[in-house]
Each structure stands twice: as C-alpha cells, then as structure tokens.
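A short write-up of the structure that comes next.
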Amino acid sequence: MTEEQPVSAWRCYSVTGSMLLVMIGLSVRLAHFHFWVPDANRQELRSHRTVVRHALVRRGAIRDRNGARNILAMDINVKDVCADPYIIHKRSAVHDVSMMLGGILEIEPSTILECLDDPSRRFAYVRRFVDERVANRVGAFGFEGIFFQEASVRRYPQDSLMCHVLGFANYAGYGGAGVELSMDRYLRGSPGEIVTEVDGLRHDRYLRRTMAVPARDGAHVELTLDQTIQYFTEEALGNAVKAHFARAGCAIVMRVQTGEILAMASYPAFNLNEFTTADPNAMLNRAIASVYEPGSTMKALVIAAAMNEGLVSDTTPIDCEDGAWSHHGRILRDHGHRYGTIPVADVLRKSSNIGAAKISLMLGPQKFYDYTRQFGLGKSLKLDLPGEEAGILHHVDRWTGISCSRIAIGQGVAVTPLQMLSIYNTIANEGRMMKPRVVRRVLGREGNVVLENKAEVLATPINPHVSHTMWELLARATEEGGTGKRARIDGMRVAGKTGTAQKPENGGYSDTNYMASFVGFVPAESPELSLIVVIDEPQPRHSGGYVAAPVFKLIAEQAIRYLHLPASPYQVVSRM
Amino acid sequence: MDSWEVGLAMARRKTRKRNTKMDSSYLLPPPALAVVILASIMALAYISVGERCEDLGREVSRLERDLDAKRKVLGNEQSKWQRLKSKPQVELALKAFGLEMDWPQQNQVLYLVRRPWGQAGQLATANQSATWGQVAN
C-alpha cells in the first residue's frame, strides 16, 4: 500500500504537467499568431478580412407642385453588365458569350467582341445601366466571367416634358442644367461608407464594423410648375411652331399674385433620358436664355409709366400724324394704318407706333429709362434657374435722339420672354412686381421643409389705380377692332397685347424674319394668370395677333378649365 | 489458482485501493474548483452571448440588405408608374383603344387623402388645384 501511493501521484502530476505544457505551448503559439505577426503579414491579413462598402446615395426627386403624386425626375437602380475577359478567354467562350449577350442586350456582337478582346484584362464593361429585367435574363444564362455591378441612374419618366426647366444630371450624379443644377446642393445628398470585417464566406460581420456612415439621400425639390398645365402649354406651342413653319418658340404661364411659374415651355425640346445626344439648339431655354426685341408689347410699359406720372389718362388725345411722323430726321410709321388723333386707349388697342413714341417723349429719356429699370429690364430677375439673361438696355447716357421713341415701340432694347411677362404680371398685380420662381420648396427625406421660397415683391413701379386702368385698356386690345382679338376666350375677358417685331439683321431690320408674340393676363377684371407666347420667325404669316394670340387663347382656356378659375379651396365631401 | 490468476487478483486489488484513495481526495482545493467552475460558466455565457450578438448582427445585416432591395424595387416601380400615367402615355392608350376623352377639371378629380395609421382617411375633391389651396382637414 505505502509503495503504491507515490506511483499514483507521480502519474497524476505527470499527466497534468504534460497537458499543462501542451496548453501553454498552444497558448504561446496562439499569442504568437496574434501579437507577434510581422507588420506585412498583419496588413495582408487585415486587407483580406476588411472590406469597404460604399452605400449608393440616391439623388432627391424633382416633383411638380402637386408633390409626390407627380415625380418628374428620380433615381432608379440599374445594373452594369461587366465581364472578366481573362476567364472568358480561358473557357474559350468569347464568341458564344458575344453572340448570346448581343441578342439579349441588343448590341452588335462585334462590339462585345472588341470589349472582350484582351485576355490580360480582368474587367470590362459590356453594357452600363441595364434594367433589372434585362439583367435577370443575362444572369439566367450563367455565363462564367460575366457579372453585375449595382448602379444608379437618373430617369425622367415624362421624357421631354419640362426638359428646359428640369435640366439633367450627368452619370456621376451632378446636376448639369436647369433645376438639377440650381438645386444640386439639395438634391445630391452624401454617400455612405461601411468599413467592416467579413467572415470566411465574405459575409458582413456586423459586430466588427469599424465605421458605418449611412448614405444620406438627397432632398426632394418641389416645383411651382404644374405638369398638366405644362403639358397643355408644350403641346399648344409645339403645334403652333410646326403649323407656322417657325424656327422656335417659347411660352410661360405665371400666377399673378405670387410670381410662381406654372408652366415654362420652349420648342424645340429634347428627351431628357437621352440628353447626351440632344441637339444643343434644342437644349436652349428660350424663355430665359434668349433675348429678342419685343416690338409693340413694350407700349403697355410706356403708357403705364406716363399714366403713373400723371402725364396722360386713357382719354388723352394723341395725334398720330396720319400714319407717318418725322422725328430727328427719321420717319416713323404706323404700318398699314393712317390714324389721326386718337385717345391713349386706342393707341394701345390699335398699337400705334407714333402714339407710343409721342407718349415716351412726354415722359422724357431719364424717366422712361427709370421706369424700364423699375420694370426689370436690363437686369436679371434672379429666377432660381441657371442661364437667365439680363437682356440689353443701354444706359440713358448712351441713348441717341431717337432712342426714346424707338424703345417705346420695342426697338433698340432686348428682353427675355420672362422679363416681358414680368412687366405684364406687374400690371396685372396692381403694380407689384413679383420675383418669378420655379422652385416652391425643398423637402428632406423625413418630410421636413428644408427650404421654402415665399412670394417676394421686387418693386412697385406703378400704383394700383394705373394698374386697374391698364387692365381695361389691355382688355380692349383683345376685343373687336383690337390687334389681339384671336386671344379672346368665351365667357372671360382677356387683357393682352400683340407684338410683331422685325428681327435685327446686318445693322438694320429684316423684312422677312419676325418675332411674333402675345402677352397678357386672365381674367381681365381680376387677374389670376399671366401668359406670354413668343414664336420665332413664323412663315408666311408673322403677326403676333395671327400667330401667337391663338396659342395664348388655347393655353389660357385649358389652364382656366383645369384650375377652375376663379379659385376656391379644396372641400372635403365625405369622410371614410 | 495459477500465477496468471494470482497476478490478476493483485492488480484488481491495487486498482480498487487506488480508486478508493482517489475518491477520497480532490485534484484542486474546493475554492479553486469553484472559481474554475464559475469561470467556465462565465466563459460559456460569454460565448453564448457573443454568438447571440453575432446572430443579431447577421439579422441586422440581412434586414439592411432587404430594406435596400425593397427601396430599389419601390424606386423602379415608381418610375414605371410615373411613366405609365404621364399625359402622352395616357393619350396614346386612349388612341389605341379608339376612345375620345377630355381631361377632367380639378373639381372632377377625387383624391384619397392618406392620414396617419389609425386615423380615418379622407375623400377630397379638388374644387381647385393643389396650386391654390391645401386639403381641408
């Protein structure tokens, strides 16, 4: 008994000791793996385990004034079809892959062959931005060496609608024109990034994330434009330009009291989803980025200014010299008409050049210049769109003896269609000149208001009494005997003025090329909407009354019907 | 009893004695044993909680991927819907079916106004466009 006990203890201690030694050995080795790894290996291990994932950031949507119901621009998710030419070559499947992919992606197999040509390459785009359906068809074939990359691309569901206002965002996600450019800082958002370790199956180890910055999607922009009114406007304008064989045209619809633009159309237009191949001429927003000599539509400004100064009233007689008047050695004519002495009201109704020129001389150059500046000519109206032109209005110091009389009839001055509309909108809005705007507000992703554009009065060049008188005078211009009778709308008085301006050419004026325009507002008694239509080089008929006034009528009629003027708010008819 | 059987009997006796001796003592003192057991339990609990966290992490990652995928689908469907209901598309469809229709006035359009969950929705008519007024509550 006494001899056997030490043997047992020795065995026990030796086994325990051995196991301890093994454990210590393993622990040391484990610690060595973890703590004494050479830096180069450590970096390599970390790079294998750690991945950086960039979260796709979505650009905010652009909506019309009715909000989320009408989305005009949005990001959609697509896929890039990519290839690993090395693998495809290794499988000797270049030809087969090219033929099959060509059929599905609707591109020439030779193009794909070119793309897969170099076997040393490990990456090539076969086709970018294909939709889910097409990607699934490609995926179903299970080509080895063909894979997909997630991507996001800007889409404009309405194609060319509102194209000049919306502008476009490039493939890198930056705004390139229009609202996409002016509101880029709100629309863009900020990309997210996740730095994380992955397991053996390359699955994200959530608890090993060392950095997780979520993508912050861009805010949504709501416009003041209404897509329905825009559609009416674009359709009417496009049809008129085609019918009159014109070069181009533009039209704007503005809400009188607030300066909100409800529609802004230019023709020709382009498809926003194919902006890279669009004709640069079609990309010009003629409503704000092109200037023209306005012609007779300037007469309303002259008469309003003279009335505001108390120099004339609507009944003041003006001698129109039987159609020809010499001033500073130059003959001014009332083309095709021989008016004698007529009241100021008729100067506007019959669009007498001589009458308007004489009224401008009553004002004098300095006052006339001051009024044109107050009405916003020669300077930008600070519209929230890029590319707005200031127009051309020389300083009064540079005016010649005939400048006053010529500017009064819309020559020697160049305006944008928006500036001209703004003049009539000011008259319609009891003398308050509103800042025009196309952006109503910017909404964050949670629905919070990030930016709200409120109505802003830029100037008050005339008083309300003069404004009311002008309503009546301009309404007469669309009645029987007036130049704008084709703008009349059944059941509603229309106030407006025609413009038929010869285009400047080689230091003089063209006898064949004209700008035909009509600008005005409805209803004449309580203006709600102001509109302008400008048609560039209509042929063969070229008068504003014949070419532009019917377009005005068409747009105004539909807008009135759509908006159910006069206004009243929504009514809840039943509860569910 | 031959020598083989005697040897076996002695070996059994020795083993029995050794077992008796081993049963009556501990390899570690009881307090140390308690610490080892407690540490083992804590280690197991730690591993279990760690595994649970990993599971939750995997679940969160999966839900993140699902949410992302659903957002993508929603975006793509919204785009398709906007295209389908655009005016030119509607007019094309009307033409295709030989229908002659006119666009409604604002007061002929009914809007179902969405309210927060649990509150009654509203059916509103636009006597005027959203341009001029807000939906009455």
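Naming convention: chains lettered A, B, ... in sequence-line order (proteins, then strands); numbering from 1 in each chain. Since this is a predicted model, take the numbers as computed values, not measurements.
Only the backbone of A/Y156 comes within less than 4.5 Å of a heavy atom of chain B; no side-chain atom from C-beta onward does. Proximity to chain A is absent for every atom of B/Q89, based on heavy atoms less than 4.5 angstrom apart. For A/L207, the part sitting under 4.5 Å from any heavy atom of chain B is the side chain, from C-beta outward, and nothing else. At a 4.5 Å heavy-atom cutoff, A/R208 makes no contact with chain B through either its backbone or its side chain. Heavy-atom distances place no part of A/A73 under 4.5 Å from chain B, backbone and side chain included.
Rounding to the nearest 0.5 Å places CD of B/Q82 at 6.0 Å from CG of A/N70. Taken to the nearest 0.5 Å, the CG atom of B/L74 stands 10.0 Å off from the CG atom of A/N77. We find the OH-CG distance between A/Y206 and B/L63 to be 10.0 Å, quoted to the nearest 0.5 Å. For the atom pair OG of B/S79 and CZ of A/R154, the computed distance is 11.0 Å after rounding to the nearest 0.5 Å. Here CD of A/Q158 is found 5.0 Å from OG of B/S86. Values are rounded to the nearest 0.5 Å.
Chosen from A/R155, A/E235, A/R58, the residue pairing most often with chain B at heavy-atom distances under 4.5 Å is A/R58. Counting heavy-atom pairs closer than 4.5 Å to chain B, the top residue among A/D75, A/D159, A/D131 is A/D159. Looking only at heavy-atom pairs under 4.5 Å with chain A, the residue among B/L84, B/N76, B/D68 that has the most is B/N76.
Sparse packing is recorded around CZ of A/R216, with 12 or fewer heavy atoms of other residues, nucleotides or ligands lying under 6.0 Å away. Other residues, nucleotides and ligands contribute over 12 non-hydrogen atoms within 6.0 Å of the CZ atom of B/R83. The local environment of CE in A/M211 is crowded, with over 12 non-hydrogen atoms from other residues, nucleotides or ligands closer than 6.0 Å.
Residues A/E132 and B/K72 are not paired through a salt bridge, judged by the lack of any N-O separation under 4.0 Å between the basic side chain and the carboxylate. A salt bridge does not link A/E150 with B/R65: none of the charged nitrogens is closer than 4.0 Å to a carboxylate oxygen.
A/Y231 and B/E91 form a side-chain donor-acceptor contact under 3.5 Å, judged by distance and modelled atom types alone.
With contacts defined as side-chain heavy-atom distances shorter than 4.5 Å, the pair A/F232/B/K87 does not qualify. Residues A/P214 and B/E64 are not in side-chain contact: their nearest non-hydrogen atoms beyond the backbone lie 4.5 Å or more apart.
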